[in-house]
Amino acid sequence: MKFAHMSDIHLGAFRDPVVKQMERQALEDAAKKCIELNVDFVLISGDIFHVSIPDLTVVNETIRTLRLLQNARIPIYAIYGSHDYTPNGTSIIDILDTAGILTNVMRAKVDDEGYVLLEFVVDPKTGAKLTGISARRIGLESKIYEKLDKNRLELEKGFKIFAFHSGITEFKPAFLSEMETVPITYFPKGFDYYAGGHIHIADEFTLAGYPKVVFPGPLFTGYGKDIEDTARGTKRGFYLVEFDEKVRKVQFIENKPFDGAYLEYDASGKNSLQARKELSSKLDAFDPNGKVVVVRVKGELAGGKTTDIDFAELGRKLTVRGATYVQFNRFSLSSKEFEANKIAGEDPSQIEANLFRENIGTVKVSQPNLKGQEGVNSALDLLKATRNPQKVGESKGDYSDRIVRSGIDALKLKKEFEEEMK
Ligand SMILES: [Mn+2]
């Protein structure tokens, strides 16, 4: 028997039509590979979609692809990720579950003493027992783990899979040192397979009591850094797990999303005009044809503004020469003359977190949850909530209500607002 474990597909993350098409194709290729490999089921450990209410075109195309699996009688099991989870209202994952396209395996009840009881979903064909914990808003996940009735889960007999969408403290990669994680001891022991999501690097781990902890990484790419890593040669794909009463073989199945090319350019000590010229000639010496090109520009310019380098124009030149998509990463480029460009991090999410952390002390509020690290988390949640664009066909009123509601929720001010309404 065998199953496929994938994660972090982030459908709908990109607006560019060429990358959108690659994103769609990556899932279709993976689905077709699963059918070819004759898997018994597919497990997706969260972040199938980039947002909880994605564009309907993206949803429609995703359903069409997932139906390929369904038509081949391959069930799909899933949990929410941090991206497709919504604290108030219905997520697209709920809709797909209700429609029978996939099965959400997190079935949780809270008992009178506040303990979280999880139930298993049994795959009818293989008898594999699946359960897990979806992502929650930042910081809340670990509270669920703290209250988890592990004993009951550990006593259950049979082949057991635990799906989760969190970083694990013991295995945290260095570049995510500031990410909130859950210690492995919060997980029930003795499961045959721990199917992870959330960490965008494929890797497998083993610890006493936890024989196989696996993160497939993104199937395609979710953030700018992912596309950069792929262009630099990081392999993308999913895991194929062969099992009987135990896991017998775990194998990474590559799913190549595109041909990439990567260039790094250090502008330190140059003025902006020199840097533009040098970068331009480096790019001229480079074959972009048929490739996704990612260029990282870093360093501190000795003079001039970073905006003196016309990246849009450099990008157009690469496109004319056949590049399928061009991305410049210039978050680490600054100028000595202009302090406003001071480096605050290597990618947008890091910059956001750092800026909030640096400034949270200056915000005067009475609610304790808006202060300190929790305040930073709330601010990040609020930023995430306000990023949701108005949907095609959604009225202005509905949209504004939705954003206000998710904003109140992000700041945990529901109680205050309800009292005010009385
Ligand atoms: Mn993700």
Side-chain angles (χ1 to χ4, degrees), residues 4-15 19-20 22-24 26-27 30 42-55 58-59 62 76-87 91-93 96 102 104-106 132-142 163-169 171-173 175-182 194-205 213-230 234-239 252 255 257 346-350 352-353 377 380-381 383-385 387-388:
H5 168 210
M6 51 182 87
S7 182
D8 297 272
I9 308 171
H10 287 268
L11 296 160
F14 284 87
R15 281 171 192 218
V19 190
K20 240 183 179 166
M22 290 178 192
E23 187 182 85
R24 202 198 61 73
L27 180 63
V42 174
L43 171 58
I44 309 177
S45 297
D47 284 355
I48 299 178
F49 294 94
H50 195 61
V51 290
S52 60
I53 312 175
D55 185 89
V58 174
V59 175
T62 305
I76 303 160
Y77 301 104
I79 52 170
Y80 304 118
S82 40
H83 280 259
D84 45 23
Y85 168 71
T86 172
S91 161
I92 181 64
I93 302 304
L96 296 185
L102 54 77
N104 184 350
V105 298
M106 182 181 178
I133 293 188
S134 291
R136 281 289 180 270
R137 39 167 294 152
I138 309 169
L140 270 191
E141 235 158 84
S142 52
F164 64 99
H165 189 90
S166 321
I168 294 182
T169 314
F171 314 135
K172 184 155 50 171
F175 80 96
L176 295 176
S177 57
E178 284 166 24
M179 178 195 246
E180 249 186 88
T181 49
V182 178
Y194 295 82
H198 196 47
I199 300 293
H200 283 201
I201 306 172
D203 218 341
E204 319 166 31
F205 304 90
V213 185
V214 180
F215 294 94
L219 186 64
F220 178 62
T221 164
Y223 309 103
K225 185 177 183 314
D226 297 339
I227 206 166
E228 182 176 315
D229 288 348
T230 314
T234 298
K235 288 185 169 49
R236 303 300 185 194
F238 58 89
Y239 277 92
F252 187 74
N255 198 49
E346 290 232 319
D347 66 77
S349 60
Q350 211 175 43
E352 286 159 12
N377 290 346
L380 289 169
D381 277 349
L383 186 65
K384 186 182 161 198
R387 264 197 191 120
N388 274 311

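Values below: every heavy atom of this structure, side chains too, minus hydrogens, waters and symmetry copies. Each ligand, and each atom within it, is numbered from 1 in the order the structure gives.
- Within the protein, the number of N, O or S atoms lying under 2.8 Å from the Mn ion (ligand 1) is 4.
- Panel note: side chain Ser45, backbone Ala195; a donor-acceptor pair is recorded below 3.5 Å.
- Checking Tyr239, Phe164, Phe238, Phe252 one by one against Phe215, the ring-ring contact (aromatic ring centres under 6.0 Å, His included) holds for a single residue, Phe164.
- Side-chain atoms of Ser82 and His165 form a donor-acceptor pair, as typed in the model, at a separation below 3.5 Å.
- Taking the side chain as every heavy atom from C-beta outward, Thr181 and Ile168 never approach each other to under 4.5 Å.
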* To do: Walk me through it: do Phe171 and Val213 pass the test side chain to side chain contact (heavy atoms under 4.5 Å, CB included)?
  => CA-CA 10 Å; Phe171 314 135; Val213 185; 3.9 Å; yes
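- Residues Phe14 and Thr221 form a side-chain contact, since some pair of their non-hydrogen atoms from C-beta on lies under 4.5 Å apart.
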